[in-house]
Amino acid sequence: MGRAYLSLGSNIDAERWLGLAVAELRARFGKLDVSPVYRSAAVGFDGPDFLNLAVGLDSDLAPEALNDWLHALEDRHGRVRGGERYASRTLDVDIVLYDDLVLSGEGHLQVPRGELRHAFVLKPMVDIAPDVRHPVSGKTMAELWSAFPAESEPLVVDEGCTSSVGAAMAAIG
């Protein structure tokens, strides 16, 4: 059993896809720690705003198997692969941290996730795991956020989507 932290994002019908993904994660893994949902500008391309959140869960799957399961989750929820790396998507789910592991593998598996350098991944992580340490730098998520130039990547809590994700989790008990 390992502790995994995931980043979820969408900029196509995001409220729907994020709610469905979180509900499916809860059905598979049980209790989740879920951050508020944040709205931010697309990074790496010109497109609609993204909605992002972080989820913490206990996984019975090794990182590689969890990564495969998450890719299947993305596929079940309309993810189209093979296009531009930076593009609009229904659902993007990445393992940000898995215990204190540092590894890379097939399927773009990279732990810790490089996107921790962006507000849309780091701030939701701070909300659910402020005292968790980055396995390379040794700094806590809170320490990384306090040093982050937040004005460089503005985030706004999306109350509507945060409520929808909570409702989706409650619906499955």
Test item: [X] and [Y] side chains (from C-beta on) under 4.5 Å apart, heavy atoms:
X: M141; Y: Y5; answer: no
X: L91; Y: L18; answer: yes
X: E64; Y: L103; answer: yes
X: P112; Y: L97; answer: yes
X: W145; Y: T140; answer: no
X: E153; Y: F148; answer: yes

Distance check, rounded to the nearest 0.5 Å: [X] atom [atom1] versus [Y] atom [atom2]?
X: E143; Y: H134; atom1: CD; atom2: NE2; answer: 12.5 Å
X: I12; Y: F50; atom1: CD1; atom2: CZ; answer: 8.0 Å
X: W17; Y: L73; atom1: CH2; atom2: CG; answer: 10.5 Å
X: L122; Y: L144; atom1: CG; atom2: CG; answer: 6.0 Å
X: L116; Y: Q110; atom1: CG; atom2: CD; answer: 9.5 Å
X: M1; Y: D58; atom1: CE; atom2: CG; answer: 6.0 Å

Quick one: do R3 and D99 make a salt bridge, cutoff under 4.0 Å? no
Enclosure of E151 CD (heavy-atom neighbours >12, cutoff 6.0 Å): yes
So, does D158 use its side chain to make a donor-acceptor pair with the main chain of V37 at under 3.5 Å? no
Checking the side chain of R113 only, and the main-chain atoms of I95 only, is there a donor and an acceptor separated by less than 3.5 Å? no
In this structure, which one of L53, L25, V34, D94 forms a side-chain contact (heavy atoms from CB on, under 4.5 Å) with L6? L25
Between the side chains of Y98 and N67, is a donor N or O closer than 3.5 angstrom to an acceptor N or O? no
